[in-house]
Number of protein chains: 2
Amino acid sequence: MIGIKEIAKAANVSPATVSRVLHNPELVSEAKRNQVLEVVKRTGYTPNSLGVSLRKAKTHKLVAIIPDVISAFNYPVIRAIESMALEHGYSLLLGDTQELECRERSFAAMAKSRQADGIFLFCSRLPFDLDESLSLAEQLPPIVNACEMVEVSGIPKVNIDNRLAAKDATNYLLSLGHKRIGVIAGNLQTPSTIERLDGFKSALQAAGIHFQPELLQAANYSLALADKATRELMSKKDKPTAIFAFSDEMAMSCISTLNDLGIHVPHDVSVMGFDNISYSAYMNPALTTVAQPMAEIGRKCMELILPQLEGEPMAESLHILPHELIVRKSTGPAQKA
Amino acid sequence: MIGIKEIAKAANVSPATVSRVLHNPELVSEAKRNQVLEVVKRTGYTPNSLGVSLRKAKTHKLVAIIPDVISAFNYPVIRAIESMALEHGYSLLLGDTQELECRERSFAAMAKSRQADGIFLFCSRLPFDLDESLSLAEQLPPIVNACEMVEVSGIPKVNIDNRLAAKDATNYLLSLGHKRIGVIAGNLQTPSTIERLDGFKSALQAAGIHFQPELLQAANYSLALADKATRELMSKKDKPTAIFAFSDEMAMSCISTLNDLGIHVPHDVSVMGFDNISYSAYMNPALTTVAQPMAEIGRKCMELILPQLEGEPMAESLHILPHELIVRKSTGPAQKA
DNA sequence: CTGAAAGCGCTAACAA
DNA sequence: TTGTTAGCGCTTTCAG
């Protein structure tokens, strides 16, 4: 691979001049500038960014650490982050952890090993070993935590109010007359799931309805497990008249299974999703769900990391973005028993 | 950020020894080794990989250049690549181009600027300016082209036989008695779409059926455009009895629209998809589709790039992996007119 | 306006 | 077994 020295030699200038031509052309006489430009074009020279980054101690890369990059939910937030990152001269690396802590840590290590300048954390574990005696800002790279909150304080965080969102969704189901509502939850260990469950229970309680543990199934955001969960739910002697799935994907699987079972949605059973992914409007029936403002979440993430990248110390902050209930065709009035 | 020199100083050894402890511990006496290890642990030192990569001229990173990272189709191939890459000490960077040539080029530039050692190309443009006078191997980094074939020869390629796959799918529809088959294609400029269309036409021709241009709609893999295309198709005076969508996602949208229109799938109209994404079994009705062996595609990609990464010159090769027709519930016998 | 020289953090050849 | 040295490719003082 050709380097700056070869270019310099071929153009009869010093490496420093080549560098100037590339970054501060106004500092170089037109004659030399053209010589250099000519050689650069002819050879297709591209500066080795390892050298650049090493020298400048800046990579202009950010990494997003995500349990499941490709989930239809994460995509729009990534897109938003990336497009805003681009405007600010950063590029985004996608780190799909497949929920594995070792992968969370190895992506996080990219910041420590200076392969990236900052980190977006979409998982609920902080993939760093903290030293109690040091301040967070000293130990952590520029970082923003979103969607699945880490329990450590002092980090900028952005999220929706999962508890309230689930409560709103549940209240809507309740308002339709549903009294037995099944839940297909994600990973029960996960903060967002815990909060949603809490919101669900509190809505029930406010309506004077007892929470039935048998109506709760965890399906870990998997299509196959959601199918199983649905069958489980519908096998109870006292079947639910509505099912609240904590992701649209699980809701999709749920509807599909209900259909297999000869149960009509929403006539026999209503189904509520969560997220409002792009597919949800195209499900059959179109899915009633709680929309998360994914693009806004992404933009807020970028907004919060930028000052840190500029050198400002990390500061605690929590940004709750609004959710919205989207009523479509998968929910309807409860059948009279 | 702490560097190797500080570690060396703190452990009373030279930087070289620190490096040895980290990479060839057996070359260092136990005493010094422990001193160093102690300091490393205490300080949480991580080598700056910019320095390492610069020195070794190797980044152990590969980038996948993909029109749409998050499409349910691409995900499994990425997963397969990544897991195999990991086994070989490489990590995978995801470059989502959003179909923009400028983005294809900027990700490709990561190889030129030594931020990555090799490239997986899932788009149909070669994002490099070729110099006719030089050999490909001299100009291109280690590279493998998959799914959307670039027209340049000399590059290892992996794909399915799109033409045959579409032909098989069409023949199945034909065998069900369908004679008017609508097509919702992807991007008409794209090689895979052209091939699929070609396979579709040839199946029609073999059955003695004339291809009707009015029954062809392009929807560019978008849910919204597929909805429009479906409405367009069903607005013809002579409506199709089957629709072949060139992606499962478009098929999903198509089914949803048909449903809105009061048209029952598969009773009134059959719908065939393409890809066999994980969602397709959970659509309503479950989707009949052509499965692409995504994991295998991914593995083959890795297999083909490895020798290049080892220094072997790039060699022309074409690997066609088998597709498979998956019959589910969205297709049925044609209605008698 | 331009070049020489130093140095970013690391590793590997060479000497000791 | 260990340290010294040079150098990966680049940018940026500092002189001139």
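For clarity, every value in this text was computed on a predicted model and none was experimentally measured. By convention in this document, chain letters (A, B, ...) are assigned in the order of the sequence lines, proteins followed by strands, and residues within each chain are numbered from 1.
When rounded to the nearest whole Å, the span between CD1 of A:I4 and P of D:dG7 equals 18 Å. Straight-line distance from the CD1 atom of B:I2 to the P atom of C:dC8: 15 Å, rounded to whole Å. If you measure from atom NZ of A:K5 to atom P of C:dG3, you get 16 Å, rounded to the nearest angstrom. Taking atom CG of B:L54 as the reference point, atom C1' of C:dG9 lies 9 Å away to the nearest angstrom. Remark: P of D:dT2 and CG of B:N12 are 13 Å apart, rounded to the nearest angstrom. To the nearest angstrom, C1' of C:dG9 lies 14 Å from NZ of B:K9. Summarising the geometry, the separation between CZ on A:R55 and C1' on C:dG9 is reported as 13 Å, rounded to the nearest angstrom. Rounding to whole angstrom units, CG of residue A:L50 and C1' of C:dC10 are separated by 12 Å.
Note that CG of B:L93 and CG of A:L92 are 10.0 Å apart. Values are rounded to the nearest 0.5 Å. Between the CG atom in A:N24 and the OG atom in A:S19 there is a gap of 7.5 Å [rounded to 0.5 Å].
Under the side chain to side chain contact (heavy atoms under 4.5 Å, CB included) test applied with B:V21, the options B:L27, B:V13, B:V28 reduce to a single match, B:V28.
A:E30 CD: 12 or fewer foreign heavy atoms inside a 6.0 Å radius. Other residues, nucleotides and ligands contribute only 12 or fewer heavy atoms inside 6.0 Å of the NZ atom of A:K9.
Using a cutoff of 4.0 Å between basic side-chain nitrogens and carboxylate oxygens, B:D129 and B:R105 are scored as salt-bridged. A salt bridge does not link B:R79 to B:E82: none of the charged side-chain nitrogens sits closer than 4.0 Å to a carboxylate oxygen.
Of all non-hydrogen atoms in B:C147 and B:S192, the two that sit nearest each other are O-CB, 4.0 Å. A pairwise comparison of heavy atoms in B:L54 and A:G51 identifies CD1-N, 4.0 Å as the closest pair.
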Pair A:S83, A:L86 - check side-chain contact (heavy atoms from CB on, under 4.5 Å), show working. CA-CA 5 Å; A:S83 87; A:L86 204 65; 5.6 Å; no
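Listed by residue number, the members of residues 109-117 of chain A with any heavy atom below 4.0 angstrom from DNA chain C form an empty set. Contacts between residues 22-41 of chain A and DNA chain C, counted as heavy-atom distances below 4.0 Å, involve A:L27, A:V28, A:S29, A:K32.
Each of A:K56 and B:V13 was matched to the nucleotide of DNA chain D holding its nearest heavy atom; the match closer to the 5' end belongs to B:V13. Residues A:R20 and A:M1 each lie close to DNA chain D; by heavy-atom proximity, the contact nearer the 5' end of the strand is made by A:M1.
Among the atoms of the strands shown, none is found under 4.0 Å from any heavy atom of A:A57.
Applying the 4.0 Å criterion to OP1 and OP2 of C:dC10, one finds that B:Y45 has a side-chain N or O inside that range. Distances shorter than 4.0 Å separate some side-chain N or O of B:T17 from OP1 or OP2 on D:dG3.
The side chain of B:S19 has C:dT11 as its nearest neighbour among C:dG9, D:dC10, C:dT11.
Between the side chains of A:T193 and A:N187, no donor N or O sits under 3.5 Å from an acceptor N or O.
By the 4.5 Å heavy-atom criterion applied to side chains, B:F128 and B:K112 are counted as neighbours.
An angle of 50°, rounded to 10°, separates the two end axes of the helix from C:dC1-D:dG16 to C:dA16-D:dT1, each defined over five pairs.
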